[in-house]
Amino acid sequence: MLSIQGLKASVAERDILHGLDLEVRAGEVHAIMGPNGSGKSTLAGVLAGRETYAVTAGKVTFEGEDLLALTPEKRAVRGVFLAFQYPVEIPGVGNMYFLRTAFNALRRARGEEELDAMDFLALARERMKLVKMDPSFANRSVNEGFSGGEKKRNEILQMAVLEPKLAILDEVDSGLDIDALRVVADGVNALRSPERAMIVVTHYQRLLDYIRPDHVHVMANGRIVTSGGPELALELEKRGYGWIEKEPPARPAAVEARP
Amino acid sequence: MTLAEQSFADQLEKGAAGVEWRPTGEPSFVCALRAAGRDTFLRTKLPTLKHEDWRYTSLAGLAAQHFGPAARALVPAADLPPAPRLVFVNGRFAPGATDLSGLPTGVRMGSLALALRERPAAVEPFMGQVATARDHAFGALNTGLFEDGALVELEDGVPCAVTLHLVFLTTASGALFAAHPRNLVVVGKGARATLVESYRGAGAYLVNAVTEMALGEGAQVEHDRVQEDGQQAFHLGLLQVSQGARSRFTGQSIALGGQLARVEARVLLGAEGAACDLHGLYVGGGKQVLDHLVYIDHASPRCVSREVFKGVLDGASRGVFAGRVHVREGAQKTDASQVNSNLLLSEDATVDTKPQLEILNDDVKCSHGGTVGQIREDQLFYLRSRGVSEALARAMLTWAFASDMVQRVGPEELRVRVRRAVTGRLANGELLREVA
């Protein structure tokens, strides 16, 4: 589904990604772990099309198409979704209007019929249960005045409504207490499917107790330095990231990681 | 003298000689007001950039014009607001389009010129007493040249639940002309009213409107002023409000039309405990200049003033906001705040914003703030990452910035109209069909 080859990217003239390779197939959940500054969030941003990042080398194909050539909105139409580490507050734009606009923009671009406000509300209400979101949030402005946990739940709600093929969750656990983390993880798990792939970016192993990945990759200095199964996350939990940075294992081939 | 000054002066002199348009049989106090207006205008002339109140808005384009008296015109087929409504076309009363059905007892609405002939005593205590800005060239010009306008009167204690509409249509064809609508609104003690002034038109012309409003003790007024004049028009508006003790005035000024449009709101908080809450939205494009000057005179203790004005400026348009708060010596416990926020949508759009606080008293709470910003990239990306096109995302964020000012418009049918008019002026605003 997603193939990343030799990806290099910089932000404000500073190189962040130094040649990253990753293969993701439908149905797989990949965890990307790594210390702060290793380039995890940059990878997430590059995949979603954030313009502050400049891709300087490499290739990213999504279902055979050159992903990097597409605008952020076209990527969304193709089925790419980024759950933001820091969801943006948009005062004045109603949450439900925003969701419906996004939902119908995707439907329209895919040549599908749009839903009217009533039908959409029914769909959204049902999906809101998935993340235990209070219905009153529908009437508020996008993320405005939401707590950290509410913002993350709102991200998962959007994912549940937009039903992407590839969901990239950028530090979806940051700032969450254990209850909120469980709600978010339950929401994510409910959305796992054989047709959908997920890339879960996280600093902590804790999240992976709730969202069990098929593959774990460790990033350091802008590339994936080692890959393995869920047991790799446990080892990181025990030993920290220090050993990775000190004695980087021989360049592992993420492409070898197969279910 | 500029061309405009010369042509206005000519009209003023003709008026003084009682020829052409001059209504016959005006009461002597009106003659005196007109004479004073004429003298003031001839002395002050059109303001230049050297004038403190006109530092950011050049009248050179206006000064180069020659204005004739307003042409006679039929009522254009405009979608008029519901009754009760007074309609004026090119500054003249249009009885055919006026509909006063549903006017509650204790509320009068009609032609000011007619009232000056039939019952001048009702007008004399107020006219020219509220609009007292000294050496105000356009106020003076209006006083010298007005033909008609609205007189609205609410008796003491009348809670007027229906919205009162004043509509000023201007249709220009052929020679450039100026209309000088003159309105007087007298709200009795404890009375309540919602009043809408709508300015609409097409073509090139000047509207120079003055509205005087006197609020009695404890009166409550919501006033919506919606300016949708033609894109070639010059619009000058002076709203002068005088507030009695514990009265409440809520004002919205929506400025959309005109090549040059200036609205002045001057509020006198002249008695204890009066409060005013003023909002405004200007949405400019092309080479429009949209200017607001708000002057709040805190002349009494324990008065409250609130100002929130927002501007959305695209193309090479210019926004100007000057907010002056004057707290007089005796005005203890004054509470005044002012915010002016602007969204610039293009490289060539500009805004000049100037708060001015003159505080002659140390027992006050005064604040002012403002921003000039652009569409935020992180918000834009957030929307686009969900599949919203860049064009729609920009329109959504622009509307999000402006919409709370539109929501302030009280009467539902007017709010819907304003929402359509505002979104209609935004780039890709047609994509906002769900909110409009």
Side-chain angles (χ1 to χ4, degrees), chain A residues 44-45 47-53 70-110 114 116-117 120 141-144 151 154-155 157-159 161-164 168 170, chain B residues 279 281 283 308-312 339 341-343 345 369-371 373-409 415-416 418-420 422-423 426 428-436:
Chain A
L47 293 178
R50 183 150 222 164
E51 281 158 2
T52 42
Y53 302 114
L70 301 176
T71 58
E73 55 268 37
K74 289 241 171 72
R75 296 181 199 202
V77 167
R78 299 296 190 277
V80 176
F81 177 90
L82 169 66
F84 283 59
Q85 181 180 4
Y86 303 110
V88 183
E89 297 193 10
I90 311 183
V93 175
N95 211 26
M96 208 38 60
Y97 166 64
F98 159 63
L99 260 180
R100 191 173 70 243
T101 303
F103 179 84
N104 280 332
L106 298 186
R107 300 272 284 216
R108 199 163 50 242
R110 292 166 184 162
E114 297 179 32
D116 66 22
F120 180 78
S141 289
V142 177
N143 294 324
E144 190 184 26
K151 284 181 181 170
N154 204 23
E155 293 295 289
L157 170 65
Q158 291 169 42
M159 175 176 155
V161 167
L162 302 180
E163 302 186 306
I168 304 153
D170 188 10
Chain B
H279 302 89
L281 174 67
V283 181
V308 181
F309 281 74
K310 288 191 173 184
V312 176
V339 179
S341 308
N342 296 278
L343 183 63
L345 296 176
T371 55
Q374 293 160 335
I375 296 265
R376 274 175 48 185
E377 285 303 317
D378 61 339
Q379 294 179 337
L380 193 60
F381 176 65
Y382 193 72
L383 294 175
R384 293 179 70 192
S385 78
R386 299 301 184 244
V388 178
S389 71
E390 184 175 358
L392 175 55
R394 285 186 185 278
M396 280 170 76
L397 293 171
T398 306
W399 171 248
F401 173 82
S403 60
D404 57 338
M405 293 295 102
V406 177
Q407 297 309 327
R408 295 267 184 183
V409 174
R415 191 165 60 242
V416 169
V418 169
R419 195 186 293 154
R420 287 210 186 103
V422 171
T423 56
L426 303 181
N428 298 300
E430 70 283 359
L431 298 174
L432 294 169
R433 60 206 154 105
E434 301 220 17
V435 292

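All of these numbers come straight from a predicted model, not from anything done at the bench. Each chain gets a letter, A, B and so on, in the order the sequences are listed, and its residues count up from 1.
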Enquirer: Where do B:R384 and B:E390 land on the salt bridge (charged side-chain N to carboxylate O under 4.0 Å, His left out) test, with the steps shown first?
Expert: CA-CA 6 Å; B:R384 293 179 70 192; B:E390 184 175 358; 3.8 Å; yes

Enquirer: Between B:D404 and chain A, which part of the residue has a heavy atom less than 4.5 Å away: side chain, backbone, both or neither?
Expert: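 For B:D404, there is no contact with chain A at all, as no heavy atom is under 4.5 Å.
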
Enquirer: Mind checking whether A:I168 and A:V80 have side chains closer than 4.5 Å, heavy atoms only?
Expert: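 Yes, close enough: below the 4.5 Å cut-off.
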
Enquirer: Roughly how far apart are B:L432 CG and B:T423 OG1, rounded to 0.5 Å?
Expert: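 Taking CG in B:L432 and OG1 in B:T423, the distance rounds to 6.0 Å.
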
Enquirer: Is A:R108 close to chain B through its backbone or its side chain, or both, or neither, when contacts mean heavy atoms under 4.5 Å?
Expert: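 For A:R108, side-chain heavy atoms alone lie under 4.5 Å from chain B.
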
Enquirer: Could you tell me which portion of A:A109 (side chain, backbone, both or neither) has an atom closer than 4.5 angstrom to a non-hydrogen atom of chain B?
Expert: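 Neither part; nothing is under 4.5 Å.
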
Enquirer: So A:F98 and B:Y382, would you call those rings parallel, tilted or perpendicular, with 30° and 60° as cut-offs?
Expert: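 Geometry flag for B:Y382 against A:F98: parallel rings.
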
Enquirer: A:R50 versus chain B, heavy atoms under 4.5 Å apart: side chain, backbone, both or neither?
Expert: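 Both backbone and side chain.
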
Enquirer: Please round to the nearest 0.5 Å and tell me the distance separating atom CZ of A:F84 and atom CD of A:Q158.
Expert: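 The distance works out to 8.5 Å.
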
Enquirer: Would you compute the distance between atom CH2 of B:W399 and atom CG of B:L343 and round it to the nearest 0.5 angstrom?
Expert: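 Taking CH2 in B:W399 and CG in B:L343, the distance rounds to 13.5 Å.
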
Enquirer: Please look at B:Q407 and chain A and tell me whether the side chain, the backbone, both or neither of the residue comes under 4.5 angstrom of a heavy atom of that chain.
Expert: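 Neither; nothing under 4.5 Å.
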
Enquirer: Using non-hydrogen atoms only, which part of A:D116 is less than 4.5 Å away from chain B: side chain, backbone, both, or neither?
Expert: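 Looking at A:D116, nothing touches chain B.
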
Enquirer: Using the salt bridge (charged side-chain N to carboxylate O under 4.0 Å, His left out) rule, take A:E114 and A:R100 through it: C-alpha gap first, then chi angles, then the decisive distance, then the call.
Expert: CA-CA 9 Å; A:E114 297 179 32; A:R100 191 173 70 243; over 6 Å; no

Enquirer: Let's test your reading of the structure: which of A:P72, A:G92, A:S141 forms the most heavy-atom pairs below 4.5 Å with chain B?
Expert: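 The residue among A:P72, A:G92, A:S141 with the greatest pair count is A:P72.
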
Enquirer: With a 4.5 angstrom heavy-atom cut-off, is it the side chain or the backbone of A:I90 that approaches chain B, or both, or neither?
Expert: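 Both parts, backbone and side chain.
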
Enquirer: With a 4.5 angstrom heavy-atom cut-off, is it the side chain or the backbone of A:P87 that approaches chain B, or both, or neither?
Expert: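 For A:P87, heavy atoms of backbone and side chain both lie under 4.5 Å from chain B.
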
Enquirer: Which bit of B:S403 is near chain A, if near means a heavy-atom gap under 4.5 Å: side chain, backbone, both or neither?
Expert: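 Contact with chain A: side chain only.
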
